[in-house]
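Just so it is clear: chains get the letters A, B, ... in the order the sequence lines come, proteins before strands, and each one is counted from 1. What's counted below: heavy atoms across the whole structure, side chains too, no hydrogens, waters or symmetry copies.
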Amino acid sequence: MSILSTPTHVGLRDHLLGAFMALAYLVVLMATSNELAMSRDESFYVIAAERYGTWYDRFLEDPSEATKREVVDRYWSYNNEHPALPKTLFAWAWLVDQKGYPKLREAVGLSPEPLFASPSMAHRFFGMVSAALTLWLIYIFGARGADRRVGMFAALAFATLPRIFYHAHLNCFDIPIVLMITWTIYAYWRSLVNRRWSIMTGVAFGCALATKHNAWIVPGLLLVHWIWAATEEFLRRRRGERPRLVIAPYWLLSMAILGPLIFFLSWPWIWFDTAARVVAYAKFHLHHVYYNMAYFGVNYFRPPFPTSYAFVMTLFTVPLTITALALTGVAVRARALLPSGLAARLMPRSSLRADVRATDVLWLGSALAPLAVFLLPTTPIFGGTKHWFTAYPFLCLFAGYAALYVVVSIESRLISRGLVDTTPVAIVSMTVLLAPSFAETAHSHRFGLSHYTLPAGGVPGAADLGMNRQYWGFTTGSVSDYLRERMPHGGTVYLNDTTTTAFEMLKKDGRLPRNIRAASSLADADFVLVHHEHHMAEVDFQAWQAFGSVQPAHVLTYDGVPIVSIYEHPRRRPKSP
Amino acid sequence: MSPEIEREAPKSGESLTISSTHTFRVGHATISGVIPAPRWASPWWLVFLGLAIAEVVALTVRVSRVPPEDDWIAAAALVRAQLESNDAITVAPAWADPLLRLHLGDRMSAKLAGRADLSAFERLWVLSIRGQRAAEAPARAPDFEQAFGRVSVARYDLGPSPVVFDFVDALPSARVSHQTREGTVDCSWVERAPVHGRGGLGFGPMPPRQRFVCDAKTPSAWVGSTVLEDLSLAPRRCIWQHPRGNRPVGVTFKDVNLGTHLVLYGGVDYHRERDENGAPVTMRVLIDGAEAARFVHRDGDGFARYEVDTTSARKNSPNGRGEIRVEVTTKNPRNRWFCWSGSVRDARRREGP
């Protein structure tokens, strides 16, 4: 049985709605961006973007000079463990902000000012745009693949996952790769009934390859799905049904040609010594160094890692209502997730039929594949939840299915009682279902990586369980007011997990004065920051020893849980009379 | 082939193809557009609305239950007013320790914050939130209890301390030496030695200003009191005594009350022990020149507890006092950031930790 109302034509009005959601999300992200200090990884990509941007500047002036090996190597050797596409986009935004837009203003007689409110925002702009575009894409995918309401619910659910909301602000790759992989899967899905979309599949895959190494699992995922869908098509044709699926894998050909081509063209670093540099890039990720991650009170720093990690962390960080809806969504689509022969045997009474593209199988595979990578005990777990973000659009689409059942249930009961227009009630129902996500996300802001949802018992519950408190040192932004207040005439700060570049960005953004400087030695600093992570306890103890006191001057908390302790050098303490 | 029609729904006003057991009402204007309401719809689906509301309420409750600053201040004021020199303070849950130190840190020494056990203390104050119990607290009702909003204070009277001599406290009066090919060389006590540690992740304990310097050219060749991050990531106030190889580095304490037993703890810095690939460290305890015990610390042991019975040594000594020397050696001194603490105890004063 179907309750879906997939329209015959998802068209301009849907794209306008998707664009509106994207724009609204972008506005919210930009409005809240300056409240988040830069994280460690962002700071590396700031350096990279400014170097790459400088190269592009040179390229525009003298292309033949800029493409010489020594010039390319000078600008592109930094951060060559990651492909270039997102950093290139960050670089272009930075160039526009710092050069293009001020020149344009000058040309029309205005004072040369940057485009964005802060340098951080310029670097982050394309990261935020990619988050916004992801909503648009999820909506369209959901609307075409299931129902407009499924798409709408999924897009809003994705936007309001607390960890997604945090990462959506950043000039990192974790959200851009969600966009690129979802786009690749969407294009592939369309190519199954329209071969022209194969070209788009190749383009999208190339962009995914040029964004982050998560893209490596996509061909395998699509291949498995294609075998499934093609087998079903083959069986249907044997039964005498008309052809409905493009069986020939044009998409694969396109991915094989366009993928590497775009990857290559987007990354000047691999224009020279290509094989060796690509191999070095692959090796970096296949033999990635292990970092620290606390999980149920244990600080993991080497394999074997707990295979439950990705699943438990998803449960602990996604609002429970969304998780429950997603699991229920999978359950209600169970028959469409089985091979047709098996479905007929196991669930003979259900009238639910899989569509020719086996959309449910594709979505479930796309949700499970990124999580399944973490079933390998050798997969590093240092990145919290961001490494399987590519699963979330599809989890949200299944949640959208269940949300639709809830809405239709309510509508049916109201209609049976004679209420003709149930629209307001349906809107309220959807809103209620999304309310936990909105509430948790609003509450998580400024502490996105410290946030845990109801299954973990919230932030204090997660602390009780010994879960990771934070990483990347970005919470320094939340103590900038304290530092500013305590050092009106300047001073030095030992930054612990915050990089000096991230600290400098706080100054460029106007959140700290220039005369507050980073200290390289803890013992000499006026203030010492300790970001509370299990394995960083050592810095706490070093501060005790260096300052002769175990008493912090300030403790930043989130829901009562310590996030940052600040120690003050005894030379600054008031002398007793 | 006509693309994009495989999930197509019926056009407005048409009824869906469904099994005969289900009937639909056709053509109602709902948010579902043309989709009529199915009769199968179960009220069980409303559970999700209940779950969503419950989740929002749970968030509100969680936030409202965070102990306010004033509760911490009031609880700390009580402890501060009644605190005695041999009192210990702890907090439950352990993650609230920075908050405890924020409010009472001026009354807490490294000796208290970096304790291996409670033997040196006669009372234990426990500040707790979220109804939690401190792991260190005796398994009995407290001798005093009072709540300050969401922070409760409990006091456990432990009885007289069995500690008659604390090695870390007594370090400045000890003699430190290390053996070289040429013979035994004393390490000199320096009042204001340069602090060469810059601090940071993986840099290990900060050296104290006051310490014994055994070899000024070797940064790790010192003996002094510091705070170690042990294998469980806990702080341990201890004597840094980096072994230099098979030739021992030793600390000698003279005229020590031998009590009934020694309790020693020893371990290697977290980052140097967790890979479990360092050489074992041997800790040898000599009483009046005779070997009383020999312990081998292997990576993975953590900040391990060792006990030495001193009753026979005490009987052999005319006044129950003697000289205790602790030596450390290792086959390979690389990354052997060894640190130990301990005390001489008299079990007749108080049993237990």
Side-chain angles (χ1 to χ4, degrees), chain A residues 1-6 8 145 193-194 244 299 319-321 324-325 351 355-357 405-406 408-409 411-413 415 421-423 426-427 429 432-433 435-436 439-440 443 454 458 460 463-464 520-523 534 536-539 541-542 544-546 550-552 555 559-562 565, chain B residues 1 3-9 16 18-19 22 25 28-35 37-39 41-43 45-46 48-49 51-53 55-56 58-59 62-63 66-67 93 95 98-99 101-102 105-106 108 110 113 130 195 197-201 205-206 208 226-227 229 233 235 270 274:
Chain A
M1 165 187 17
S2 175
I3 60 165
L4 304 179
S5 65
T6 303
T8 51
V193 291
N194 182 346
R244 292 194 290 175
N299 183 54
L320 181 59
T321 305
L325 285 170
S351 57
D355 62 306
V356 293
R357 287 183 277 191
Y405 273 70
V406 175
V408 173
S409 260
E411 287 178 337
S412 75
R413 298 188 75 76
I415 290 165
D421 187 1
T422 58
T423 305
I427 291 172
S429 305
V432 169
L433 291 175
E440 295 273 9
H443 183 61
L454 180 62
D464 288 344
S520 59
S521 168
L522 177 150
H534 287 57
M536 286 187 184
E538 172 183 20
V539 183
F541 314 150
Q542 289 167 348
W544 299 357
Q545 183 73 11
V550 302
Q551 185 173 40
V555 178
D559 280 358
V561 177
S565 286
Chain B
M1 181 177 304
E4 313 297 342
I5 59 167
E6 300 302 342
R7 281 193 164 227
E8 193 175 314
L16 290 166
I18 55 164
S19 65
H22 303 291
R25 296 166 67 88
H28 274 290
T30 71
I31 194 173
S32 314
V34 299
I35 293 302
R39 287 198 189 281
S42 160
W45 287 104
L46 303 184
F48 286 102
L49 293 180
L51 175 63
I53 293 165
E55 196 171 1
V56 174
L59 174 64
R62 279 204 311 269
V63 173
V66 172
W95 54 256
L99 293 171
R101 288 182 284 104
L102 176 69
D106 57 321
M108 296 171 69
R130 298 166 57 76
V195 177
R198 59 181 283 272
L201 197 61
M206 293 288 279
T226 188
V227 180
E229 180 189 40
L233 303 169
Y270 171 74
R274 70 179 196 174

Participant: Counting C-beta onward and ignoring hydrogens, is there a side-chain heavy-atom pair between A:Q545 and B:P208 closer than 4.5 Å?
Facilitator: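 Yes - at least one pair of side-chain heavy atoms lies under 4.5 Å apart.
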Participant: What residue, out of A:S565, A:S520, A:A324, A:A463, has the most heavy-atom pairs lying under 4.5 Å from chain B?
Facilitator: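 Maximum pair count with chain B is reached by A:A463.
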Participant: Mark yes or no for whether A:Q542, through its side chain, and B:G200, through its backbone, hold a donor-acceptor pair below 3.5 Å.
Facilitator: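 Confirmed, A:Q542 side chain pairs with B:G200 backbone.
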Participant: Looking at side-chain heavy atoms only, is the closest gap between B:Y270 and A:N299 below 4.5 Å?
Facilitator: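 Of all side-chain heavy-atom pairs linking A:N299 with B:Y270, at least one is under 4.5 Å.
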Participant: Out of B:M206, B:R274, B:R62, B:M108, return the one with the most heavy atom pairs under 4.5 angstrom to chain A.
Facilitator: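 Going by pairs under 4.5 Å, I would pick B:R274.
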Participant: Do any N or O atoms from the side chain of B:R101 and from the backbone of A:V550 form a donor-acceptor pair under 3.5 angstrom?
Facilitator: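 Here the side-chain-to-backbone pair exists.
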Participant: Should A:W544 and B:P235 count as side-chain neighbours, where that means a heavy-atom distance under 4.5 Å?
Facilitator: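 In contact.
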Participant: Ignoring hydrogens and angles, tell me if any N or O in the side chain of A:Q551 forms a donor-acceptor pair with the backbone of B:L102 under 3.5 Å.
Facilitator: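 Yes.
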Participant: At a heavy-atom separation under 4.5 Å, does B:F48 approach chain A through its side chain, its backbone, both, or neither?
Facilitator: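 For B:F48, the contact with chain A is made by backbone and side chain together.
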Participant: Just wondering, do B:L233 and A:E538 contact through their side chains at under 4.5 Å, heavy atoms?
Facilitator: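 Not in contact.
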Participant: Name the region of A:V561, side chain, backbone, both or neither, that has any atom closer than 4.5 Å to a heavy atom of chain B.
Facilitator: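 Contact with chain B: backbone and side chain both.
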Participant: Examine whether an atom of B:L51 lies under 4.5 Å from a heavy atom of chain A, and if so say whether it belongs to the side chain, the backbone or both; otherwise answer neither.
Facilitator: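 For B:L51, heavy atoms of backbone and side chain both lie under 4.5 Å from chain A.
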Participant: Tell me, side chain or backbone of B:R130 under 4.5 Å from chain A's heavy atoms, or both, or neither?
Facilitator: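 The side chain, not the backbone.
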Participant: Taking B:L46, B:V63, B:D106 one by one, which has the highest count of heavy-atom pairs under 4.5 Å against chain A?
Facilitator: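 Option with the greatest count: B:D106.
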Participant: Which region of B:P98, side chain (C-beta onward) or backbone (N, CA, C, O), has a non-hydrogen atom less than 4.5 Å from a non-hydrogen atom of chain A, or is it both or neither?
Facilitator: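 Contact with chain A is through both the backbone and side chain of B:P98.
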Participant: Give the intermediate values and the outcome of side-chain contact (heavy atoms from CB on, under 4.5 Å) for residues A:V406 and B:L49.
Facilitator: CA-CA 8 Å; A:V406 175; B:L49 293 180; 4.1 Å; yes
Participant: In terms of heavy-atom pairs under 4.5 Å, which option from A:P319, A:A546, A:A439 contacts chain B the most?
Facilitator: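 The residue among A:P319, A:A546, A:A439 with the greatest pair count is A:P319.
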Participant: Any side-chain heavy-atom pair from B:L99 and A:P562 closer than 4.5 angstrom?
Facilitator: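 They are in side-chain contact.
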Participant: Specify the closest pair of heavy atoms between A:G560 and B:W95, including all atoms of both residues, with the distance to one decimal.
Facilitator: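 Result for this residue pair: O-CZ3, 3.4 Å.
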Participant: Please classify the contact between A:H443 and chain B as side chain, backbone, both or neither, with a heavy-atom cut-off of under 4.5 Å.
Facilitator: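 It is the side chain, since no backbone atom gets that close.
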Participant: Under 3.5 Å, side chain of B:E55 to main-chain N/O of A:L320, donor-acceptor pair present?
Facilitator: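 A pair under 3.5 Å: yes.
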Participant: What I'd like to find out is whether the side chain of B:R198 reaches to under 4.5 Å of the side chain of A:L522, using heavy atoms alone.
Facilitator: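 The answer is no, as the side chains (C-beta and beyond) never meet within the 4.5 Å cut-off.
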